[in-house]
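Scroll down for the structure; my scribbles are underneath it.
Just so you know, these numbers come straight off a predicted model, no measurement behind them. We count ligands from 1, going down the list as the structure has it; atoms in each ligand are counted the same way.
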Amino acid sequence: MMVPPLSEGQALARVKYLSIDPTMRVWMADVPQYMPPVQLGEVMRSFGLAEILESRHPDFKKGDKLMGLTGLQEYVVITPGDPRAFQKLPSIPFLSDTNFLGTLGLNGLTAYFGLLEIAKPQSGETLVVSGAAGATGSIVGQLGKIHGCRVIGIAGSDDKCRWIKDDLAFDVAINYKHPDWRQQLIAATPNGVDIDFENVGGEIMEAVLDRMKLHGRVILCGLISGYTRQDPALSSFSRVLIKRLRVEGFIILDYASRFMDAARQLGMWKMTGKIKDRHTIVKGFDRAPEAINMLFQGDNIGKLIVEL
Ligand SMILES: NC(=O)c1ccc[n+]([C@@H]2O[C@H](COP(=O)([O-])OP(=O)(O)OC[C@H]3O[C@@H](n4cnc5c(N)ncnc54)[C@H](OP(=O)(O)O)[C@@H]3O)[C@@H](O)[C@H]2O)c1
């Protein structure tokens with residue numbers, strides 16, 4: 001490994017954990033998107049947590065831990081005014097480093113702003129979340145419970161369903177790989193659905209839209225079923241019209257100025273046991289490409305992280 005000598009103002013950090021996110025697949029595609037696609041020959045973009053080894057930077061000292069767009073690499077040189085948005089992490093008892101990538105990181109924040117700010121759940125409402133045992137979906141469901149919703153999670157294995165129902169107290173968990181999952185969804189939503197927190201798209205989203213109440217809210221967080229295929233996210237908009245649905249997409253980076261306040265609240269819920277989380281840790285930098293594929297095979301429960 002070649003690390004150049006540091007100039008005045010720079011710091012060298014060793015990456016300890018890489019956050020593995022479905023959006024990395026989107027960043028690799030040469031299509032219009034919310035950030036420029038990663039070009040061939042560039043370091044692959046990723047969020048990560050790094051520790052300062054050496055510093056000539058005014059804001060960071062040796063031993064500080066930072067989060068930001070480290071990229072898929074083992075070392076990162078941080079420059080003055082670095083656009084990769086590095087934030088120094090506080091040291092908080094009861095919270096692990098990896099919590100800052102999941103529950104207090106982009107996933108928890110996505111769940112927080114998507115559900116609480118956009119959907120504004122009311123006590124007694126029915127919330128359906130897809131990708132329910134993943135990093136984002138598992139927090140969405142728990143925030144729904146904190147706010148008095150009846151929560152139905154859709155996930156891809158019996159193990160995942162057991163976790164969200166037995167440990168996270170979702171009211172109903174449906175394994176969409178069971179042949180009768182659509183009937184289970186109908187049985188679980190006798191009065192219809194107020195909020196669809198959509199992480200997947202395709203046939204799962206269509207089945208949930210069929211259960212929406214009039215004027216229901218659809219929070220478009222992700223459409224992972226289409227990231228590796230060309231399938232349309234929705235075959236027909238008529239459901240949206242007939243049910244008079246409000247459909248709102250969002251990108252969490254738009255809420256960056258309010259991350260600190262939301263992370264503080266998520267941290268309180270985590271420390272008081274109102275939010276539980278799980279990590280799937282893959283060890284070894286060389287396994288990062290394999291880890292990205294795991295997201296699309298459903299091989300993670302909770303937050304997927306590569307530990308270097
Ligand atoms: N809008 C934003 O700002 C924002 C921010 C963060 C994340 N997101 C989106 O939120 C969603 C979840 O992201 P995450 O980081 O929390 O990942 P995650 O849920 O921890 O992992 C992805 C999960 O998606 C499920 N999945 C993969 N392919 C699928 C398919 N074809 N059909 C159904 N389920 C499939 C798998 O679980 P199963 O075993 O259940 O299939 C997999 O474990 C993604 O769509 C992501 O793009 C959006």
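- Atom numbering of ligand 1 starts at 1 in the shown order; those under 4.0 Å from a heavy atom of G222 are 9 (C), 45 (O).
- For ligand 1, the atoms lying closer than 4.0 Å to a non-hydrogen atom of I251 are 3 (O).
- Side-chain contact between V200 and Y176 is absent, with no heavy-atom pair separated by less than 4.5 Å.
- The only member of L295, I281, L101 that meets side chain to side chain contact (heavy atoms under 4.5 Å, CB included) when paired with L304 is L295.
- Considering backbone and side-chain N/O atoms, T23 never comes within less than 3.5 Å of an N/O atom of ligand 1.
- The main-chain N or O of M268 is found under 3.5 Å from a side-chain atom of T272 such that the two form a donor-acceptor pair.
- Residue pairs meeting the salt bridge (charged side-chain N to carboxylate O under 4.0 Å, His left out) criterion with at least one partner in residues 19-44, sequence neighbours excluded, are D21-K303.
- At least one N or O atom of F250, backbone or side chain, sits closer than 3.5 Å to an N or O atom of ligand 1.
- Nearest protein heavy-atom neighbour of atom 28 (N) of ligand 1: F296 O, 3.9 Å.
- Residue contacts with ligand 1 for T110 involve side-chain atoms from C-beta outward but no N, CA, C or O (heavy atoms, distance under 4.0 Å).
- A donor-acceptor pair under 3.5 Å is formed between the side chain of Q39 and the backbone N or O of P37.
- Using a 4.5 Å heavy-atom threshold, the side chains of E125 and I195 count as touching.
- Ring geometry, F197 versus F250: the interplanar angle exceeds 60°, so the pair is classed perpendicular (tilted spans 30 to 60°).
- Listed for the D171 side chain is no donor-acceptor partner under 3.5 Å among the backbone atoms of I152.
- Within the listing of ligand 1, atoms 16 (O), 18 (P), 19 (O), 20 (O) sit less than 4.0 angstrom from a heavy atom of A135.
- Considering only heavy atoms from C-beta on, F47 comes within 4.5 Å of L106 through its side chain.
- Between C221 and ligand 1 there is a heavy-atom distance shorter than 4.0 Å.
- In terms of N/O distances under 3.5 Å, ligand 1 is approached by Y176.
- Each of the following atoms of ligand 1 lies closer than 4.0 Å to a heavy atom of G302: 20 (O).
- Closest to atom 13 (O) of ligand 1, if we only count protein heavy atoms, is P22 CG, 3.5 Å.
- Using a 4.0 Å cut-off to heavy atoms of N107, the atoms of ligand 1 that qualify are 14 (P), 15 (O), 16 (O).
- Looking at ligand 1, you'll find an N or O of G156 within less than 3.5 Å of one of its N or O atoms.
- In this structure, the protein non-hydrogen atom closest to atom 47 (O) of ligand 1 is Y227 OH, 2.8 Å.
- Paired with R211 under the rule side chain to side chain donor-acceptor pair (under 3.5 Å), one option of T189, N191, D196 passes, and it is T189.
- The closest side-chain donor-acceptor pair between N107 and T110, if any, does not fall under 3.5 angstrom.
- T23 and Y34 share a side-chain donor-acceptor pair at under 3.5 Å.
- Put simply, the side chain of Q73 never gets that close to the backbone of V43: no donor and acceptor are under 3.5 Å apart.
- In this structure, of L223, T136, I219, the residue bringing a heavy atom nearest to atom 12 (C) of ligand 1 is T136.
- Annotation for ligand 1: atoms under 4.0 Å from non-hydrogen atoms of G298 are 36 (C), 37 (O), 39 (O), 42 (C), 43 (O).
- Under a 4.0 Å criterion applied to the non-hydrogen atoms of N300, ligand 1 contributes the atoms 18 (P), 20 (O), 21 (O), 42 (C), 43 (O).
- The shortest N/O to N/O separation between N199 and ligand 1 falls below 3.5 Å.
- Looking only at protein heavy atoms, the nearest one to atom 24 (O) of ligand 1 is I224 CD1, 3.6 Å.
- In terms of N/O distances under 3.5 Å, ligand 1 is approached by I252.
- For ligand 1, the polar-atom distance check against K303 finds no nitrogen or oxygen pair separated by under 3.5 Å.
- Near G134, the atoms of ligand 1 lying under 4.0 angstrom from a non-hydrogen atom of the residue are 18 (P), 19 (O), 20 (O).
- The shortest separation from a heavy atom of L295 to ligand 1 is under 4.0 Å, placing the residue in contact.
- Among all protein heavy atoms, the one lying closest to atom 39 (O) of ligand 1 is K160 NZ, 2.5 Å.
- One N or O on the side chain of H57 and one on the backbone of D59 form a donor-acceptor pair closer than 3.5 Å.
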